[in-house]
A.B. asks: 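Sending over a structure as structure tokens; questions will come in a sec.
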Amino acid sequence: MKIAVLSGKGGTGKTTVATNLFATLEKGMLIDTDVEEPNSHLFLKPVILERIPVKKEYPVVDEELCTLCGKCGDFCRYNAILPAKKKVLVYPELCHDCGGCQLLCPTDAIRYYPRTIGNIYTGKTLSGRSVAYGDLLVGEVSGVPIIEQLREISGDEKIVLIDSPPGTACSTVAAVEGVDYAIIVAEPTPFGVSDMKLVVEMLGALQIPMGVVINKAGLGDREIYDYCQSERLEILAEIPFSKAYAKQYAQGGLLSETFPPFRETMELILDKVSKAGGRELL
Amino acid sequence: MKIAVCAKTTGMDAQADDRFGRAEYYVIFDTETRSSETFENPAKGEPAGAGGSAVRFISQQGAQAVLAPELGPKAVDALRAFELAAFRYTEKKTVRETIADFLDGKLAKADVSTTKSKHGLRRA
């Protein structure tokens, strides 16, 4: 069973929920696909065993063959290739590796070459469980190839927890596509609810079953509860706002190891998710 | 010679824009005929690479120099490749006043021969 943990808004507690579910579960693998800011490993503290560079291809123009016709630049939607006065300027980090410029080039002057856009780190926790996370290099526009490779690496695992990127952009879609269940972590604030609505819409379009964990419960207002009711969204659990939790988190600790009620909440979520997914988790 | 100035609105009395690649408009002024024409910046809404795209557009309009408040690293690369000169203005003035400053030699020429670390955030 593949379970994604996502949020819409950043900072609602995706990583807290994902890492603590993982610790409570005592089996399966966790992948951190929030490649612009991976931090699951700060809590799970795996020993890194391997670094895998992730490549993406970009166009290189043969100036001898190029006639500066401009077709590549007219085609590129990402401003990655720019026919200038005497040569063609390429911004590798803007290229989405679609291959369009190469197809269109009338003199076959364009070749694609690989370059590294980030890395995947795989390792094991102290208890021997597999953890992998991706790290996109600064200045790169898209972490999707890294996320796809993380999904591939974890493809054969029976149980995979996916710590997803915030938002609803391509990277989030890549992280959650095809999962069996999605856990939305939301906070009961106007921003939290607003961004959560986008996630609910996205998951609906992808036809992924979902449930909601309300984190920092007790803050904000009741809108999230009304929204969940009107959309018939199951509230899997509520995690109360607690300074003791925040302190433990800030020190890189797992809440489920220190706070029995928090661990019980994680067990409750896993129980509900396995029932909803029709599969045994615990 | 034609020079392009970043502008917030249209015409010679528009405020000069404080962005280059994402400026709302470019007013292109012909120093020989003293005439001007305003173009909407087609690159202003690009998710990434607005600077390079804007340089290409300005070059296509026949300009040989740009007057700009600041330049990102991609814009600098593009200015060099399109062989355009760049001059920097720092004061909040109208397009007309900025052009007058340029013609009086009051604007510093930007070095686009290399993409230095001081341009933009990426290489900071």
Side-chain angles (χ1 to χ4, degrees), chain A residues 36-37 56 58-63 66-98 100-101 104 109-110 115-118 135-145 165 167-173, chain B residues 1-4 19-23 26 28 39-66 68 71-86 110 112-124:
Chain A
E36 288 182 40
E37 219 154 26
K56 193 154 107 178
Y58 72 104
V60 174
V61 182
D62 184 334
E63 288 180 26
C66 176
T67 58
L68 290 171
C69 71
K71 281 186 179 152
C72 52
D74 293 336
F75 173 79
C76 184
R77 284 184 56 189
Y78 302 103
N79 302 314
I81 189 161
L82 212 56
K85 209 139 193 172
K86 287 175 192 145
K87 60 169 200 165
V88 176
L89 191 60
V90 176
Y91 299 106
E93 68 275 26
L94 295 184
C95 176
H96 282 55
D97 195 3
C98 78
C101 57
L104 282 171
I110 297 175
R115 66 193 186 87
T116 301
I117 58 156
D135 196 2
L136 182 70
L137 295 179
V138 172
E140 294 295 335
V141 288
S142 168
V144 169
T168 48
C170 306
S171 54
T172 308
V173 174
Chain B
M1 179 174 76
K2 285 184 176 178
I3 50 174
R19 295 163 301 173
F20 171 66
R22 294 180 192 284
Y26 298 110
I28 295 186
F39 297 89
E40 192 173 352
N41 176 8
K44 67 183 176 191
E46 291 293 292
S53 183
V55 170
R56 185 180 190 216
F57 176 76
I58 289 167
S59 173
Q60 283 167 344
Q61 308 317 314
Q64 286 112 47
V66 299
L71 299 161
K74 296 193 188 73
V76 170
D77 288 341
L79 287 166
R80 185 165 64 246
F82 280 94
E83 299 175 5
L84 296 184
V112 298
S113 62
T114 54
T115 307
K116 290 176 185 165
S117 59
K118 69 178 177 182
H119 297 297
L121 216 104
R122 186 164 53 97
R123 293 183 177 88

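Nothing here was measured: the structure is a model prediction, and the numbers come from that model.
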A.B. asks: What pairs with Ala169(A) under side-chain contact (heavy atoms from CB on, under 4.5 Å), at least two apart in sequence or on another chain?
C.D. replies: none
A.B. asks: Can you name the ring pair (Phe, Tyr, Trp, His ring centres under 6.0 Å) partners of Tyr58(A), sequence neighbours left out?
C.D. replies: none
A.B. asks: When you check the gap from the basic side-chain N to the acidic O, do Arg56(B) and Asp74(A) get nearer than 4.0 Å?
C.D. replies: yes
A.B. asks: Using heavy atoms and a sub-4.5 Å threshold, report which of residues 42-52 of chain B line up against chain A, by residue number.
C.D. replies: Glu46(B), Ala48(B), Gly49(B), Ala50(B), Gly52(B)
A.B. asks: Closer than 4.0 angstrom, basic N to acidic O: yes or no for Lys74(B) and Asp77(B)?
C.D. replies: no
A.B. asks: Listed by chain and number, what are the side chain to side chain donor-acceptor pair (under 3.5 Å) partners of Arg19(B), not counting sequence neighbours?
C.D. replies: none
A.B. asks: Look only at the side chain of Asp97(A) and the backbone of Lys56(A), and say whether a donor-acceptor pair between them is shorter than 3.5 Å.
C.D. replies: no
